[in-house]
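In what follows, every heavy atom counts, from backbone to side chain, and hydrogens, waters and symmetry copies are set aside. Within every chain, numbering begins at 1; the chains are lettered A, B, ... in the order of the sequence lines, protein sequences first and strands thereafter. This is a predicted model, so every value here is computed, not measured.
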Number of protein chains: 2
Amino acid sequence: MLRAVCDQFWDAGYTATSLQDLMRVSNLGKGSLYAAFGDKHELFLQVLRRYVASLDRTLRRSIDSAPRAVEALHSFVMMPAGDPDGVAARRGCLLANSTTELAATDPAVAAEARQAYEGMTAVLADGVRSAQAQGDLSASADPVGTARALLAAQQGLTFMGRTGMDVETLAATARSLATELLPTSADHRDSMSPPHDPGVPDRTRC
Amino acid sequence: MLRAVCDQFWDAGYTATSLQDLMRVSNLGKGSLYAAFGDKHELFLQVLRRYVASLDRTLRRSIDSAPRAVEALHSFVMMPAGDPDGVAARRGCLLANSTTELAATDPAVAAEARQAYEGMTAVLADGVRSAQAQGDLSASADPVGTARALLAAQQGLTFMGRTGMDVETLAATARSLATELLPTSADHRDSMSPPHDPGVPDRTRC
DNA sequence: CTTATGGTGGACCAACCGGTCAAGAACAAG
DNA sequence: CTTGTTCTTGACCGGTTGGTCCACCATAAG
C-alpha cells in the first residue's frame with residue numbers, strides 16, 4: 001500500500017497530490033490515513049525514507065556483489081537509461097524530484113536528501129577503491145572526488161531523461177560519460193566476457 | 001517587473017506561487033495581471049521563455065567571444081559552482097526546476113524544455129568544434145555527443161548544488177568533471193595566462 | 001444473543017485557490 | 001470645468017485544499 005502511495009507521489013509530486021488522490025490509491029478513508037500517519041507531510045516523509053533506504057540497499061548490494069567493482073560503477077551511471085521505453089526515464093527519481101520541489105523550503109526533505117546523497121557518495125567511493133585495488137581504475141584518482149563526479153553525472157542523466165530526451169540518445173550520453181569518468185574500464189571490458197552482469201537495477205518500483 | 005515575477009517563480013516554484021504572491025511582487029492588482037497576461041499559466045510561460053532566451057543568449061555569446069572555445073566550455077560546466085556563497089547554487093536553474101516540477105504533466109513546459117536543451121546542445125557542439133579546430137580538444141570526439149555529456153554534467157552539478165552541497169565541494173566536483181570531459185584543456189591552460197576570462201556568467205538574475 | 005471495542009468512512013469545516021467583473025480612480029482632450 | 005476613455009482595484013464566485021470529528025460497523029469476548 002505504501003508502494004501505491006509512493007507511485008502517486010512519484011508521478012504527481014508532493015503538492016500536486018491531494019488527499020483525495022491518496023485515498024484513491026490507498027483504498028483508505030481520510031480518517032484512517034490520519035490515524036495511521038498523522039499528516040500528509042508525515043506520510044510523504046515515511047514513503048521517501050522507505051524509498052531512500054531501498055535505493056541505498058540496492059546500490060550497496062550492486063557494488064558489493066559485483067565481481068569487478070568498476071562494472072557496478074558503470075551500470076550505476078547507466079541506470080537512468082535503463083528501461084527500453086522511456087517511461088522510467090521520464091519518471092526520474094523520487095528523491096531527485098522531491099529535492100528539487102521541496103528541499104529549498106522543507107528542512108526535513110533537505111536533510112533527507114543531503115544524508116542520502118552523502119551515503120551514496122560513500123558507497124560509490126568504496127566501489128572506486130575496490131576498482132582501484134582490482135586494477136580497473138587509476139590508483140592516483142581521489143576515490144571520494146571520483147564518487148562525487150559519478151553521482152553528479154548520474155543525476156544529470158536522470159534529469160536529461162526527465163526532459164523527454166529519447167532513450168537511445170540518453171543511453172549514448174550515459175555510455176560516453178561512464179567511459180570518460182571510468183577511464184580504463186573500457187579496455188578491461190573489452191577483454192572480458194560479461195560475467196554476472198549486475199545489470200541496471202530496477203528502479204521502476206520503490 | 002517580469003524579473004520580480006521570475007524571482008518569485010524561481011524561489012517558490014509554479015504551484016507553490018499563488019496569485020497573491022504574484023500581486024505582491026509585481027505591485028499589480030489581480031485584474032491587471034489577468035488583463036495583461038490572461039492567465040497564471042500564460043504569465044509563467046512568458047517568464048520562462050524570457051529566461052530561456054536570456055540563458056541561450058548568454059551561452060552563445062560566451063562561446064562565440066571566448067578566444068579559446070575550450071575555456072568557455074570549461075566555465076559552462078563550472079557555472080553551477082559560480083557564486084561564492086551557496087545562495088545561487090541552492091536556487092538552481094529556473095528552467096531545470098520547472099522541468100522537474102511540470103514537464104511530466106504540462107506539454108507547453110515540456111516543449112520549451114526540450115527545445116531549450118536542444119538549442120544549448122547545438123551551441124555547445126559548436127564550441128566543441130571550435131575547440132577542436134583550435135587544437136584544444138581531441139579531433140576524434142563526436143561534437144554533439146561531447147556537448148550532450150557536458151550538458152548532462154552541468155545539469156547534474158546544478159542539481160547537486162540544490163541538495164545543499166557546500167560550494168567548495170561543488171566547485172571541486174565541477175573542476176573534476178570539466179577536466180575529465182575536456183581532456184586536453186588542462187595542458188593548454190597550464191601554459192596560458194588567463195586572457196579574457198569569460199568568467200562564470202551571472203545566472204542569479206533572469 | 002448482548003456488549004464492548006477499535007478501526008473506518010465520509011460529512012463537515014475554515015482557509016485558500018485561480019479567475020471574473022463591475023465600480024471607480026486617473027488622466028487626456030476639448 | 002466637463003467629458004470620454006483607459007486602467008486599476010478589490011469584492012466576489014465556485015471549487016478544492018488539508019484537516020477534524022463523529023456516527024457507524026465488523027469483530028470478538030462474554
Side-chain angles (χ1 to χ4, degrees), chain A residues 1-51 94-95 97-113 206, chain B residues 1-51 94 97-112 206:
Chain A
M1 167 254 157
L2 280 179
R3 196 152 60 195
V5 172
C6 176
D7 282 338
Q8 172 62 36
F9 278 129
W10 199 341
D11 286 330
Y14 176 73
T15 45
T17 295
S18 71
L19 285 189
Q20 279 193 18
D21 294 328
L22 295 176
M23 289 166 61
R24 183 171 38 79
V25 302
S26 67
N27 289 322
L28 245 53
K30 202 176 281 197
S32 309
L33 275 176
Y34 274 82
F37 302 99
D39 211 341
K40 180 191 175 186
H41 188 249
E42 211 59 44
L43 171 57
F44 174 73
L45 282 182
Q46 195 152 330
V47 164
L48 185 61
R49 294 206 181 97
R50 228 179 71 105
Y51 178 92
L94 173 64
L95 176 61
N97 298 350
S98 306
T99 300
T100 36
E101 183 186 357
L102 302 171
T105 59
D106 187 333
V109 173
E112 198 68 36
C206 60
Chain B
M1 166 255 156
L2 280 179
R3 196 153 59 193
V5 172
C6 177
D7 281 337
Q8 172 62 37
F9 279 129
W10 199 340
D11 287 329
Y14 176 73
T15 45
T17 294
S18 72
L19 284 190
Q20 280 195 16
D21 294 327
L22 294 176
M23 289 165 61
R24 183 171 38 80
V25 302
S26 68
N27 288 321
L28 246 54
K30 203 177 280 197
S32 309
L33 276 174
Y34 274 82
F37 303 99
D39 209 342
K40 179 189 175 186
H41 188 249
E42 211 59 43
L43 171 57
F44 174 73
L45 282 182
Q46 196 152 329
V47 163
L48 185 62
R49 293 205 181 98
R50 229 180 70 104
Y51 178 92
L94 173 64
N97 298 351
S98 307
T99 301
T100 35
E101 183 185 356
L102 302 171
T105 59
D106 186 331
V109 173
E112 199 67 36
C206 56

Whole angstrom is fine here: how far is it from [atom1] in [X] over to [atom2] in [N]?
X: Y14(A); N: dT17(D); atom1: OH; atom2: P; value: 14 Å
X: F44(A); N: dG19(D); atom1: CZ; atom2: P; value: 14 Å
X: Y34(A); N: dC22(D); atom1: OH; atom2: P; value: 17 Å
X: L19(A); N: dA11(C); atom1: CG; atom2: C1'; value: 15 Å
X: L33(B); N: dG19(C); atom1: CG; atom2: P; value: 11 Å
X: L43(B); N: dC17(C); atom1: CG; atom2: P; value: 16 Å
X: M23(A); N: dC12(C); atom1: CE; atom2: C1'; value: 13 Å
X: L22(A); N: dG18(D); atom1: CG; atom2: P; value: 8 Å

>> Quick check for you: among dG19(C), dC17(C), dG18(D), whose closest atom lies nearest to any side-chain atom of S18(B)?
In response: dC17(C)
> Choosing from dC12(D), dT17(D), dC12(C), which nucleotide comes nearest the side chain of K30(A)?
Replying inline: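 Minimum distance to the K30(A) side chain belongs to dC12(C).
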Distance-only, no hydrogens or angles: does the [X] side chain make a donor-acceptor pair with backbone N or O of [Y] under 3.5 Å?
X: E101(B); Y: T15(B); answer: yes
X: K40(B); Y: Y14(B); answer: yes
X: D21(A); Y: S18(A); answer: yes
X: Y51(A); Y: C6(A); answer: no

Smallest separation among heavy atoms of [X] and [Y], with atom names:
X: A4(A); Y: V25(A); value: CB-O, 3.5 Å
X: F44(A); Y: V109(A); value: CE2-CG2, 4.0 Å
X: A108(B); Y: H41(B); value: CB-CE1, 4.3 Å

> Hey, can you pull the residues of residues 99-112 of chain A with a non-hydrogen atom under 4.0 angstrom from DNA chain C?
Replying inline: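 Correct list: empty, so none.
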> So what does T15(B) touch, heavy atoms closer than 4.0 Å: a base, only the sugar-phosphate, or nothing?
Replying inline: nothing
>> By nearest heavy atom, map Q20(A) and G38(A) onto DNA chain D; which one lands nearer the 5' end?
In response: Q20(A)
>> For dG7(C) and S32(A) - does any side-chain N or O of the residue sit under 4.0 Å from the phosphate oxygens OP1/OP2?
In response: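 S32(A) to dG7(C) OP1/OP2: no side-chain N or O under 4.0 Å.
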